Structure formats: C-alpha cells, structure tokens
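A short worksheet on the structure shown next.
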Amino acid sequence: MKNNIEKASPSLITRLLAPVQQGQQLIASFHDLWRTPMASLMTILVLGISLALPATLHLFSKNAERVSAQWQTAAEISVFLKMSVNEASAQNLVQRIKLYPEVQQVRYISADDAMEQFKQLSGFGNALAYLDANPLPITLLVTPTQRHSQPMAAKALLEKIQAEREVQQGKLDVEWLTRLEAIMVLIKDIVFALAALLSFSVVLIIGNTIRLAILNQKDAIAVMKLVGATDGFIQRPYLYTGFWYGVLGGLLASFTVSLLASYLGVAISSLAELYENQFNMQGLNLQELGILLGIAVFLGLLGSYISVRKHIRSIEPNAD
C-alpha cells in the first residue's frame with residue numbers, strides 16, 4: 001500500500017503543478033515578446049489595423065441600417081380613387097384599409113385638398129382657376145407597418161389595395177427601396193469578404209512571426225528534445241505568444257474603431273444638422289467588442305498553432 005502511494009505521488013504532484021507551470025509559461029511568453037520589441041510591435045500593429053478595417057466597415061453598415069430603417073418606415077403608398085367615387089364610399093374604403101394588418105396609418109386627402117396642394121406646389125394657381133371641374137381624384141396615403149415596409153411586402157400590399165373596386169391606381173416607388181436593400185446587402189458582403197481576406201493575412205503574418213522565433217531557437221529546441229521534452233511542452237510557449245499577439249492586436253483594433261467612431265461621429269452629426277436632422281453615430285457595443293477580441297485571439301492561436309505543428313516536429317536532435 002505504501003509503495004503504491006509513493007508511486008502515485010510524483011504523478012499527482014505533476015498534475016497539481018501543471019496549471020502553475022502553464023501560468024508561468026503564459027507570463028514568460030508575454031515577457032518574451034519584448035525581447036524583440038520592434039518586431040513584436042510591428043506584428044501587433046498589423047494585426048490591429050487588419051481587424052480594425054472590417055470592424056469599421058461593419059460599424060458604418062450598422063449605422064447605415066439605422067438610417068435606412070427610418071427611410072423604409074416612412075415609405076407611403078399613394079392610392080388614387082376613381083372619379084366616380086363619392087366621399088362616403090371613399091371613407092368606407094379608408095375604414096376597410098385601416099383594418100389591414102399590414103397598414104399602420106391611412107391619410108385621407110379630398111379632391112379639393114389635393115387641388116389646393118397642387119396650386120401651392122405647382123405655381124399655376126391662376127391658370128387652374130379657369131378649369132371647369134376639379135380633375136384630381138380623392139387620394140389616400142397608406143403607410144405600411146415597419147414589418148411590411150420592405151420592398152416585396154410593400155409591393156404585395158399595393159397589389160392588395162389595387163384590388164379594391166374603388167381604386168383606380170396605386171403608386172409605390174419601390175425601386176429606391178430595392179436599390180437601398182441591394183446596397184446594404186453589398187456592403188455586408190464586402191465586409192465579410194474583406195474580413196475573410198484580412199483574417200487569412202493575419203494568420204499568415206503570425207505564423208511567419210512564430211516560424212522565425214522557432215528557427216532562432218532551433219538549437220535550444222533540439223537540446224530540449226534530447227533531454228526528453230515532449231512536442232506539447234515545447235509548443236506551449238509559442239501558442240501563448242500567439243495568444244498574446246491576438247489579445248494585444250484585438251485591444252488595438254477595438255481602440256482604433258472607437259477612436260474612428262468618435263472622430264467621424266462629430267463630422268456626421270455636423271452634416272446632419274445642416275439638413276435639420278439629428279444623427280448620433282453608434283459605436284461597437286460590448287458584445288461586438290468581445291467578438292472582435294475573440295476573433296483576434298482565435299486568429300493568433302490559429303497562426304501560431306499551424307506554425308508550431310509544422311516546424312517544431314521537423315526539428316530533431318543530431319544523432320552524434
């Protein structure tokens with residue numbers, strides 16, 4: 001029994017000390033970065049800027065969606081009734097359309113009100129006084145709900161309203177909505193493609209940096225293997241180095257995006273005031289900052305893992 005305990009004790013002690021040793025390696029790998037401060041700083045800057053570019057595009061895409069959502073909510077369907085429709089029938093149609101689940105609001109414009117608005121806007125007030133009868137029909141302005149203000153849903157609502165017997169014609173300018181939606185999709189695709197491309201370059205840069213560090217310590221690694229060190233033990237400090245590159249690069253990217261959001265937000269707010277509007281640019285929230293940092297750490301670990309798996313295995317001590 002005593003012999004079994006003595007045999008198990010070294011293994012138990014090794015397991016208990018493993019987290020302490022890994023913590024020491026983690027701290028030591030951070031200090032090792034600054035043995036070559038210029039190379040480490042350049043790698044961190046490249047990582048931070050590479051991640052800041054797609055993150056900034058995502059920021060603009062998010063704020064553009066806020067603006068486009070306001071535009072789409074304000075979209076209206078102009079409904080022109082038949083000239084034979086009287087006011088009572090028109091009011092009855094207004095009540096029916098208000099019951100549509102897709103409709104948020106219906107505004108009634110009588111033929112006389114439409115003529116008054118046309119006089120004011122067209123500048124032909126005196127000439128219009130010579131008309132024998134009002135040529136303008138009763139008009140309804142239908143505002144869809146936010147859910148049904150998207151191009152396809154708004155078009156379906158237009159077709160539904162046009163099926164009413166009192167309606168002569170309905171008009172909805174869906175082209176600009178469709179174009180706006182296509183632009184937003186394009187921006188998102190650009191952000192994704194740029195993020196994928198820059199992420200690949202980050203992996204290559206970190207992998208190359210770790211490769212150079214391994215080659216510089218090639219003799220030391222061979223000696224460690226000679227005395228019985230496992231590949232996992234040798235690889236761990238380099239993986240921790242990739243982790244620190246990711247952490248520092250992610251923090252730099254977050255700071256850069258926040259700085260750009262603050263700087264450009266002032267300019268955009270000043271521009272909005274010229275159009276008598278208010279717009280406050282939103283920065284990245286805590287969840288988005290956490291995702292950005294997580295991506296940076298993942299890329300740092302991935303680049304270092306690929307490099308150490310390839311190069312450390314190829315280093316073997318000389319037989320002599």
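Just so it is clear, the values below take in all heavy atoms, side chains as well, and ignore hydrogens, waters and symmetry mates. Please read these numbers as outputs of a predicted model, since none were measured by experiment.
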> Step by step, would you call Arg107 with Ile109 a side chain to side chain contact (heavy atoms under 4.5 Å, CB included)?
Replying inline: CA-CA 7 Å; Arg107 189 157 67 97; Ile109 301 177; 4.2 Å; yes
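- The nearest pair of heavy atoms linking Leu93 to Leu81 is CD2-CD2, 3.4 Å.
- For Leu186, the CG atom sits in a packed shell: over 12 heavy atoms of surrounding residues, nucleotides or ligands are nearer than 6.0 Å.
- Annotation for Pro101 and Thr145: closest pair O-CG2, 3.8 Å, computed over non-hydrogen atoms.
- Atom CZ of Phe298 is surrounded by 12 or fewer heavy atoms from other residues, nucleotides or ligands within 6.0 Å.
- Take Ile44 and apply the side-chain contact (heavy atoms from CB on, under 4.5 Å) test, not counting sequence neighbours, and it matches Trp34, Tyr245, Leu248, Leu252.
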> Is there a side chain to side chain contact (heavy atoms under 4.5 Å, CB included) between Glu102 and Lys160 once you walk through the steps?
Replying inline: CA-CA 10 Å; Glu102 306 93 334; Lys160 183 177 179 180; 3.4 Å; yes
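- For the pair Asn216 (side chain) and Leu212 (backbone), a donor-acceptor distance under 3.5 Å is present.
- A distance-only check finds no donor-acceptor pair linking the side chain of Ser307 to the backbone of Gly303 [under 3.5 Å].
- Contact detail for Ala154 and Ile77: the closest heavy-atom pair is O-CD1, 3.9 Å.
- Taking both residues in full, the closest heavy atoms of Leu251 and Leu293 are given as N-CD1, 4.0 Å, listed atom of the first, atom of the second, then distance.
- With sequence neighbours excluded, the residues forming a side chain to side chain donor-acceptor pair (under 3.5 Å) with Asn86 are Ser89, listed by chain and number.
- Hydrophobic clustering (ILVMFWY, side-chain heavy atoms < 4.5 Å, transitive): Val308 and Leu302 are in one cluster.
- In this structure, Ser258 contributes its side chain and Phe255 its backbone to no donor-acceptor pair below 3.5 Å.
- By the side-chain contact (heavy atoms from CB on, under 4.5 Å) test, Glu87 is found to be paired with Gln91, Tyr108, residues two or more places apart in sequence or in another chain being considered.
- The nearest pair of heavy atoms linking Gly250 to Ala296 is CA-CB, 3.5 Å.
- In this structure, Gln217 contributes its side chain and Ile214 its backbone to no donor-acceptor pair below 3.5 Å.
- Exactly one of Val142, Val167, Leu157 qualifies for a side-chain contact (heavy atoms from CB on, under 4.5 Å) with Ile97. That residue is Val142.
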> Hey, mind stepping through Val103 and Thr143 against side chain to side chain contact (heavy atoms under 4.5 Å, CB included) and telling me if it holds?
Replying inline: CA-CA 6 Å; Val103 173; Thr143 303; over 6 Å; no
> Are Val202 and Ile206 close enough, and set up right, to give a side chain to side chain contact (heavy atoms under 4.5 Å, CB included), and what steps lead you there?
Replying inline: CA-CA 6 Å; Val202 165; Ile206 293 181; 3.9 Å; yes
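- Put simply, the side chain of Gln169 never gets that close to the backbone of Phe80: no donor and acceptor are under 3.5 Å apart.
- Considering every non-hydrogen atom in both Val257 and Ala52, the closest pair reads CG2-O, 3.8 Å.
- To the nearest 0.5 angstrom, Ile138 atom CD1 is 7.5 Å from Ser110 atom OG.
- Between Glu166 and Lys82 no salt bridge is recorded (no basic side-chain N to carboxylate O distance below 4.0 Å).
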